[in-house]
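One structure is given below, encoded as structure tokens.
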Amino acid sequence: MDNFKQANDLHGHIFGDYCIREFVERLKKFCREDDIIGRIGGDEFVVFGTISDEEGARRKAARLCQKLDTICEDSGSCWKMSVSVGIALAPQHGRSFAKLYEKADKALYQTKDKGKNGYTVYEEKE
């Protein structure tokens, strides 16, 4: 989740918790039943899913960013929700959770460096 600290700082932790619940509900509706969704901590989540190729992953990430680019409102408080996504694909980027997470995390930080609210597919730097 992009800039989540703002939701807590501006409106308090109860509102921040509400935003996380809203985020998760939207994410669950977006994902397929056999996708695995996990909360890594704080405002970071991971989704494991089966996608046929890199282009499919790009399309899905673009749709996810669009779906989660919204306003979260409750009891007069509001916060602009958006998401930055890092993508790692098996087997080319790794086969273990640790390797895929490491590569997806690097891609995520590239997305954040580009201004957030988007996605990046991991690319091996030479």
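Remember, predicted model here, so these are calculated numbers, not experimental data.
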Please answer: with hydrophobic residues joined when any side-chain heavy atoms are less than 4.5 Å apart, are [X] and [Y] in the same cluster?
| X | Y | value |
| --- | --- | --- |
| Y122 | L108 | no |
| I87 | Y109 | no |
| L27 | F48 | no |
| V46 | L64 | no |

Query raised in the report: Taking the six-membered ring for Trp, is the centroid-to-centroid distance between F45 and F23 below 6.0 Å?
Result: yes

Shortest non-hydrogen contact from [X] toward [Y]:
| X | Y | answer |
| --- | --- | --- |
| A61 | V85 | CB-CG1, 4.3 Å |
| A88 | K103 | CB-CB, 3.9 Å |
| C31 | V47 | SG-CG1, 3.9 Å |
| F97 | I40 | CZ-CD1, 4.4 Å |
| C19 | M81 | O-CE, 3.9 Å |
| E73 | C78 | CG-CB, 3.5 Å |

Can you confirm whether [X] is buried at [atom1], in the sense that more than 12 heavy atoms of other residues, nucleotides or ligands lie under 6.0 Å from that atom?
| X | atom1 | answer |
| --- | --- | --- |
| I14 | CD1 | no |
| R32 | CZ | yes |
| E44 | CD | yes |
| Q92 | CD | yes |
| K5 | NZ | no |
| K114 | NZ | yes |

Report task. Find out whether E22 and D74 are in side-chain contact, i.e. whether some heavy atom of one side chain is under 4.5 Å from a heavy atom of the other. Result -> no

Query raised in the report: Is there side-chain contact between H93 and V121, with at least one heavy-atom pair below 4.5 Å?
Result: yes

Report task. May I ask you to decide whether R21 forms a salt bridge with E25, counting only side-chain N to carboxylate O separations under 4.0 Å? Result -> no

Report task. First locate atom CG of L100, then atom CG of L89, and finally report the distance between them rounded to the nearest 0.5 Å. Result -> 8.5 Å

Query raised in the report: Which is it for E102 and K106 under the salt bridge (charged side-chain N to carboxylate O under 4.0 Å, His left out) test, yes or no, and what are the steps along the way?
Result: CA-CA 6 Å; E102 172 192 338; K106 287 180 181 179; 3.4 Å; yes

**Report entry** Qualifying residue for side-chain contact (heavy atoms from CB on, under 4.5 Å) with F4, from D9, V83, I20
**Finding:** I20

Requested in this report: Going by the side-chain contact (heavy atoms from CB on, under 4.5 Å) test, name the single residue among Q110, R58, K60 that passes it with Y119.
Outcome: R58

Query raised in the report: Do side-chain atoms of T111 reach the backbone of T120 as a donor and acceptor pair under 3.5 angstrom?
Result: yes

